[in-house]
Amino acid sequence: MSFSISRALRDTFINLWRNFQYALAAILTVIVSLSLVGAALLVKQGVANATVEWSHGVGVSLWMNANASNSEVNGVSTQLKESSLIQSCNYLNHSDSYNLLKRLYSNQPVVVSAFTVQTTPTIFNCVLSNPNDAVQVYNQYSHQPGVYTVVYPGQEIKTMEKITSILQLIMLGMALLMVVASLVLIFVTIRMAIFSRRREVAVMKLVGATNWFIRIPFMLEGMIEGLIGAVIASLLVFALRSVMGNLVKNTEKLGTSGQPSLLSATVATSHEAIIIGVILIVSGAIVGGIGSFVAVRRFLDV
Amino acid sequence: MIKFDKVSKSYKTNRNKALNELSLEITKGEFVFLVGPSGSGKTTFLKLLLREEKPDSGRIWVGGKELSSMGSFKVPYYRRNLGCVFQDFRLLPNKTVHQNVAFALEVIGRSKHVIESKVSQSLEIVGLGNKANRLPNELSGGEQQRVAIARAFVNRPLILLADEPTGNLDPATSQGIMRILDKINRTETTIIMATHDVGIVNMMRRRVIQLDKGSLVRDQQRGIYGMEEPDTIEERLTGAVRAISVGTSENELIKGRKRLRRNSTPIKSIIAGFDEDTDDLD
């Protein structure tokens with residue numbers, strides 16, 4: 001079979017141009033649906049990263065009472081040093097934690113003025129030998145004399161996982177609806193393209209053009225619509241990632257306890273974003289291909 | 001070349017059979033008129049030959065190939081051996097005459113070089129070499145039909161199917177079309193033409209296959225349109241006038257002119273128009 005690729009491509013773009021409004025609608029829906037899919041994947045990846053990060057050594061913080069005596073502090077310190085649950089600890093004395101407080105609330109002088117160096121609680125930041133022991137540490141130390149409270153990020157992460165999983169479900173559900181919408185729109189677009197070229201198609205059949213020769217330009221058209229939408233969607237996903245990255249960086253400047261930030265882990269790496277982009281582009285081509293294939297099968301009986 | 005063996009075909013929407021156990025044979029190079037009232041099965045006959053439809057029963061052979069057992073992927077290649085002309089021309093309005101004819105070769109993947117030479121040859125045959133760059137809507141009906149014939153013939157098909165090619169044209173213009181079909185027939189191309197045009201059938205005196213309600217009722221070499229000789233004066237006249245146009249003997253030509261002089265003006269004007277047309281063609 002002699003088949004010219006350049007001819008097929010030329011036909012495809014002529015079709016796209018003639019059908020511009022429909023093609024635009026189809027491309028826009030593809031963009032919206034695939035952006036949603038991409039964002040959902042990005043969040044999912046972020047939470048997965050955060051969970052991994054946490055299980056690699058995020059620890060617990062022991063907040064002492066501001067008026068805890070030296071012996072109380074030393075007692076806790078010794079216990080922490082001897083405990084097999086704890087890997088290492090970093091002690092922030094009154095002035096360290098006051099500085100941290102000043103840094104954290106630099107834009108709220110009222111809060112800062114409520115404290116002096118002496119009334120700021122001191123803090124032990126500890127790395128756990130086994131991250132799953134956080135609850136045990138909490139139970140063991142929260143009632144020690146001089147200990148105000150024990151903070152560990154387990155609950156935070158669990159809550160975050162819950163919220164994000166609901167968020168992901170909603171996003172994926174909406175994305176699925178939009179993917180169906182884009183399938184239907186591509187189908188309609190190709191149907192219109194076939195209709196507007198019905199005379200040419202009739203002549204082609206009559207003079208013996210092969211089925212694939214007639215079909216391929218229409219299928220390419222659908223795939224190109226899907227591809228254009230997907231490329232734009234993945235660009236949007238990259239943009240979303242860098243916006244998230246910047247937001248987290250700004251928050252980190254106000255950095256809290258010196259512990260590895262949970263937030264910073266929730267941003268997917270650019271490597272991961274590229275993988276998501278590839279997934280989107282492939283699925284865009286597939287959505288376009290399926291939509292146009294069904295249209296071609298239904299309206300181009302050769 | 002073509003053989004129908006007890007071919008029957010009916011459509012879902014109609015209880016009557018479109019074709020009823022039709023058997024016939026057409027040899028290479030024949031010129032066959034397919035006549036009969038509307039709904040007699042002429043168009044179905046052509047559709048079966050094109051393999052747009054499959055018979056319910058019976059078999060059709062074309063050039064040694066059996067059509068209903070032919071795989072659907074082979075149908076396009078089979079159709080490259082056929083040319084088709086219709087009453088409504090079916091030209092592409094946004095393409096020039098040249099592009100319309102070239103399109104038929106482009107879509108079966110012929111090289112540019114081949115297309116160029118074949119298209120201009122084909123346009124010369126139908127006498128439109130000088131109008132290659134016109135658009136269809138700038139042409140008269142007769143010229144448009146000639147473009148359609150050029151397109152059908154450009155790939156040198158073995159068989160040319162024509163479904164009422166003169167149905168939309170006035171008698172004089174129809175003459176021009178018939179001359180071209182006759183010219184094509186002389187290149188050993190089998191021509192099957194479905195028509196209601198009494199004058200043309202009577203003038204050409206070729207094989208006539210008459211269908212009625214899907215059955216063969218007459219198969220006559222050098223036949224005429226009706227069962228009997230044409231009897232109205234108009235029918236005789238048009239028959240005679242058309243005989244002249246195809247260029248029979250000079251004697252008959254003179255007779256025709258005499259008859260013409262004796263008769264009414266409208267027909268004279270037809271002849272006048274026709275004369276111009278033939279000049280154009282030669």
Side-chain angles (χ1 to χ4, degrees), chain A residues 1-23 189-222 224 289 292-302, chain B residues 46-47 49-54 70-86 88-95 99-112 114-115 118-119 122 136 147-163:
Chain A
M1 185 182 88
S2 46
F3 181 77
S4 129
I5 294 167
S6 64
R7 191 195 151 82
L9 278 176
R10 201 188 66 201
D11 275 7
T12 304
F13 281 101
I14 290 173
N15 275 354
L16 269 175
W17 182 245
R18 281 193 200 160
N19 248 342
F20 181 71
Q21 286 147 335
Y22 278 96
T189 314
I190 301 308
R191 183 188 174 171
M192 295 303 296
I194 292 171
F195 183 75
S196 71
R197 294 192 71 189
R198 64 195 180 285
R199 284 201 193 92
E200 278 157 73
V201 169
V203 173
M204 283 197 251
K205 283 184 199 167
L206 213 55
V207 299
T210 56
N211 296 349
W212 285 109
F213 186 92
I214 299 173
R215 282 175 176 175
I216 279 176
F218 292 110
M219 291 195 52
L220 269 183
E221 185 184 343
I224 284 176
S292 50
F293 184 70
V294 174
V296 163
R297 284 299 292 264
R298 277 205 56 191
F299 302 108
L300 212 61
D301 48 335
V302 269
Chain B
L46 296 180
K47 279 188 173 169
L49 273 181
L50 258 178
R51 205 180 170 288
E52 273 185 27
E53 301 282 354
K54 278 188 185 180
M70 180 184 283
S72 59
F73 67 97
K74 280 186 182 164
V75 171
Y77 299 98
Y78 161 69
R79 286 191 186 145
R80 293 176 189 184
N81 299 311
L82 307 177
C84 272
V85 181
F86 300 93
D88 56 357
F89 320 140
R90 303 202 186 167
L91 299 175
L92 302 174
N94 54 341
K95 289 188 191 298
Q99 286 168 340
N100 261 287
V101 179
F103 187 70
L105 293 176
E106 278 169 22
V107 299
I108 59 172
R110 292 284 180 271
S111 72
K112 266 187 186 162
V114 171
I115 291 174
K118 279 197 168 184
V119 169
S122 199
V147 178
I149 293 172
R151 181 177 66 188
F153 188 61
V154 70
N155 199 29
R156 298 298 153 104
L158 297 170
I159 303 166
L160 192 87
L161 306 176
D163 195 357

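Everything numeric here is computed off the predicted structure, so don't read it as measured data. Reminder, nothing fancy here: chain letters follow the sequence lines and each chain counts from 1. Computation of the quantities below employed the complete heavy-atom set of this structure, encompassing side-chain atoms and omitting hydrogens, waters and symmetry-equivalent molecules.
Of the atoms belonging to B:Leu105, not a single heavy atom falls under 4.5 Å from chain A. Using a 4.5 Å cut-off between heavy atoms, B:Pro93 contacts chain A through its side chain alone, with no backbone atom that close. Only the side chain of B:Asn94 comes within less than 4.5 Å of a heavy atom in chain A; its backbone stays farther off. For B:Glu52, the part lying near chain A is the side chain, with the backbone staying farther off; criterion is any non-hydrogen pair under 4.5 Å. Within the 4.5 angstrom heavy-atom criterion, no atom of B:Tyr78 approaches chain A.
With sequence neighbours excluded, the residues forming a salt bridge (Lys or Arg N to Asp or Glu O under 4.0 Å) with A:Arg197 are A:Asp11, A:Glu200, listed by chain and number.
Nearest heavy-atom pair, A:Asn211 versus B:Pro76, reported as atom, atom and distance to 0.1 Å: OD1-CG, 3.9 Å. Of all the heavy atoms in B:Arg151 and A:Val203, the pair that sits closest is NH1-CG2, 3.6 Å.
Atom CZ of A:Arg298 has 12 or fewer heavy atoms from other residues, nucleotides or ligands within 6.0 Å. Within a 6.0 Å radius of CZ in B:Phe89, more than 12 heavy atoms belonging to other residues, nucleotides or ligands are found.
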A:Val207 vs B:Val107, side-chain contact (heavy atoms from CB on, under 4.5 Å): CA-CA, chis, key distance, verdict: CA-CA 8 Å; A:Val207 299; B:Val107 299; 3.5 Å; yes

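Distance CG/B:Leu82 to CG/A:Leu206: 8.5 Å, rounded to 0.5 Å. Atoms CD and CE, from B:Glu106 and A:Met204 in turn, are 10.0 Å apart once rounded to the nearest 0.5 Å.
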